[in-house]
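Below is one structure, written out as structure tokens; comments come after it.
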Amino acid sequence: MDAVLITSVASVLPVEILELIFNNLERHELIPVLSSNSIFHNTASRAVYRNISETSSVKALKLIKTLALNATYSRHVRSIDLDFANNLITANILRLLNRTLQQLKSLTTLILDFSQTDNAADVAWIFQGCSFSLTTFTSSMRCDRSLAQFLAMQPKITELCLRGFNKEYEFALEPMALPKLEHFRTVLSYPSIVGEVLRGRPVESVSMSLYPGDVQTSLDTLLLSATAIKRLTVMSFESDPPVALLPLIADRLPHLEAFHLVVLMTHYTHDILLEIGSSLEQFKALKYITFMAPGIPASFNDEKSIAEAWSRSCPTLQTIILPKGLVWFQRDENWACLKDRED
């Protein structure tokens with residue numbers, strides 16, 4: 001496309017139409033557009049910088065340098081994902097990141113990953129002077145007093161993911177912090193931190209890990225939410241069979257609607273899966289269940305018999321996903337899966 005044609009198109013099409021077109025292009029396709037003319041540049045830059053995800057630390061460093069120096073680009077950013085997990089970062093880089101974050105005044109989604117070495121120190125000071133208002137925040141930085149202070153300044157967060165490394169620091173949230181929190185995900189093994197986040201907040205969806213010795217204490221934290229938890233995802237490192245875990249969850253969350261269980265330390269068998277069915281009787285509103293565990297894959301007919309047995313124990317079930325990965329659902333009062341339709 002020559003310069004005359006580009007200028008003609010830019011003069012005929014409204015900016016809103018150009019933006020719709022650019023929103024359907026991949027990031028690498030937009031880069032040449034930036035250098036075509038001023039109208040295309042201004043419009044395309046909004047699409048380029050609106051949602052940013054950089055898994056390469058080299059590219060991430062170049063990006064934050066650009067955003068720190070260019071207020072025009074930084075004002076377009078709504079979502080940014082920066083991954084430094086595989087690199088050690090210097091104090092100068094942290095200071096640069098702080099300057100960049102101060103520029104991102106329209107930011108609503110922030111994902112930050114740091115290495116375990118970097119998390120040995122307080123890095124939450126990088127949020128000093130920031131004026132953005134987040135709705136989603138994910139980070140591997142350690143849960144300490146500085147992070148708690150930052151979260152207290154973000155009242156619009158509805159989704160929070162803390163996947164810091166397992167070492168306990170002083171972490172106490174103000175009672176009025178995170179008043180709109182609805183979804184919480186964590187891999188931390190400390191029930192005290194999970195309880196601190198859930199206590200008195202309207203969290204209805206939780207993803208958590210269970211470790212030996214802390215199972216009951218961790219599950220007790222689910223009772224601290226200000227509202228009934230409807231969706232629960234559990235990654236279990238417990239060696240006890242899952243048939244012992246389900247009653248503990250049902251006792252605390254009998255009105256759970258969706259439950260996803262990943263068992264890592266216990267191999268399943270057909271008999272174990274059938275036995276789990278009796279543990280589902282205590283759930284009064286369960287609609288969706290996923291069970292994943294290591295073991296010998298069951299046959300198609302075996303999984304169908306398990307789905308039927310589970311539904312007899314828990315009639316509210318609508319969808320079941322078992323270790324084979326097939327999605328079972330009710331059709332014409334029978335249990336079927338997508339494989340049926342393919343056949």
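These numbers come from the heavy atoms of this one structure, side chains and all, not from hydrogens, waters or symmetry mates.
- Residues Q330 and L317 fail the side-chain proximity criterion, which asks for heavy atoms closer than 4.5 Å.
- Ring pair F300/W328: centre-to-centre distance below 6.0 Å.
- Here the side chains of W310 and F291 are in contact, with some heavy-atom distance below 4.5 Å.
- A single hydrophobic cluster is not seen to contain both W335 and Y288; linkage of ILVMFWY side chains at heavy-atom distances under 4.5 Å, directly or through other members, places them apart.
- T136 places no side-chain N or O within 3.5 Å of a backbone atom of E159 that could act as its donor or acceptor partner.
- Under the 4.5 Å side-chain heavy-atom criterion for grouping Ile, Leu, Val, Met, Phe, Trp and Tyr, M292 is connected to M235 within one hydrophobic cluster.
- Residues Q318 and F329 fail the side-chain proximity criterion, which asks for heavy atoms closer than 4.5 Å.
- The nearest pair of heavy atoms linking Q154 to L178 is O-CD2, 3.8 Å.
- Looking only at side-chain heavy atoms (C-beta outward), L112 and V123 stay at 4.5 Å or farther from each other.
- Between N51 and S79 the shortest heavy-atom distance is OD1-CB, 3.2 Å.
- If you take CG on L160 and NE2 on H183, they are separated by 11.5 Å, rounding to the nearest 0.5 Å.
- Residues P323 and E303 are in side-chain contact: their nearest non-hydrogen atoms beyond the backbone lie under 4.5 Å apart.
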Do D122 and R142 pass the side-chain contact (heavy atoms from CB on, under 4.5 Å) test, and can you show the C-alpha distance, the side-chain angles, and the key distance before you say yes or no?
-> CA-CA 8 Å; D122 168 24; R142 73 185 197 184; 3.8 Å; yes
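- The shortest non-hydrogen separation linking L248 to R252 is O-NH1, 2.7 Å.
- Every side-chain contact (heavy atoms from CB on, under 4.5 Å) that P155 has, sequence neighbours left out, goes to P179.
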Worked verdict on T72 versus Y49 for side-chain contact (heavy atoms from CB on, under 4.5 Å) = CA-CA 10 Å; T72 300; Y49 289 100; over 6 Å; no
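- Residues passing the side-chain contact (heavy atoms from CB on, under 4.5 Å) test with T138, sequence neighbours excluded: I111, C161, R163, R185.
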side-chain contact (heavy atoms from CB on, under 4.5 Å) evaluation trace for F184 with L162 | CA-CA 8 Å; F184 177 54; L162 301 178; 4.1 Å; yes
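- For R199, the side-chain contact (heavy atoms from CB on, under 4.5 Å) partners at least two apart in sequence or on another chain are E196, L224.
- Using a 4.5 Å heavy-atom cutoff, the side chains of L110 and L101 are in contact.
- Minimum heavy-atom separation, S115 to A85: CB-O, 3.3 Å.
- Here ring-ring contact (aromatic ring centres under 6.0 Å, His included) pairs that include residues 116-162, with residues two or more places apart or in two chains, are F127-F137, F127-F150, F137-F150.
- A ring-ring contact (aromatic ring centres under 6.0 Å, His included) check over residues 230-263, counting only residues at least two apart or in different chains, returns the pairs Y211-F237.
- To the nearest 0.5 Å, the span separating CD1 on I193 from OG on S218 amounts to 11.0 Å.
- Remark: side-chain polar atoms of T221 are not paired, donor with acceptor, to backbone N or O of T217 under 3.5 angstrom.
- You'll find the side chain of L210 reaches within 4.5 Å of the side chain of L245, heavy atoms only.
- The backbone N or O of R201 sits less than 3.5 Å from a side-chain atom of S225, completing a donor-acceptor pair.
- Taking CG of L198 as the reference point, atom CG of L181 lies at 8.0 Å (rounded to 0.5 Å).
- For the residue pair R231 and I229, the shortest heavy atom distance occurs at O-CG2, 3.5 Å.
- Distance check, rounded to the nearest 0.5 Å: CD of Q102 to CD1 of I126 gives 11.0 Å.
- Contact of the L97 side chain with the I89 side chain is not registered, since no non-hydrogen atoms from C-beta on lie closer than 4.5 Å.
- One hydrophobic cluster, built from ILVMFWY side chains closer than 4.5 Å, holds both M265 and V262.
- In this structure, a donor-acceptor pair under 3.5 Å is absent between the side chains of R95 and N98.
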Using residues 270-284 as the side-chain source, report each donor-acceptor pair under 3.5 Å to any protein atom, sequence neighbours left out, with the distance given to one decimal.
residue, atom, partner, partner atom, Å
S278, OG, E275, O, 2.8
S279, OG, V243, O, 3.4

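- Within 6.0 Å of CD on E174 lie no more than 12 heavy atoms contributed by other residues, nucleotides or ligands.
- Minimum heavy-atom separation, A124 to L147: CB-N, 3.7 Å.
- For the atom pair K324 NZ and I306 CD1, the distance stands at 11.0 Å (nearest 0.5 Å).
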Passes side-chain contact (heavy atoms from CB on, under 4.5 Å), L63 versus I80? Steps please.
-> CA-CA 10 Å; L63 171 69; I80 191 167; 4.2 Å; yes
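- Rounded to the nearest 0.5 angstrom, L67 CG and Q103 CD are separated by 8.5 Å.
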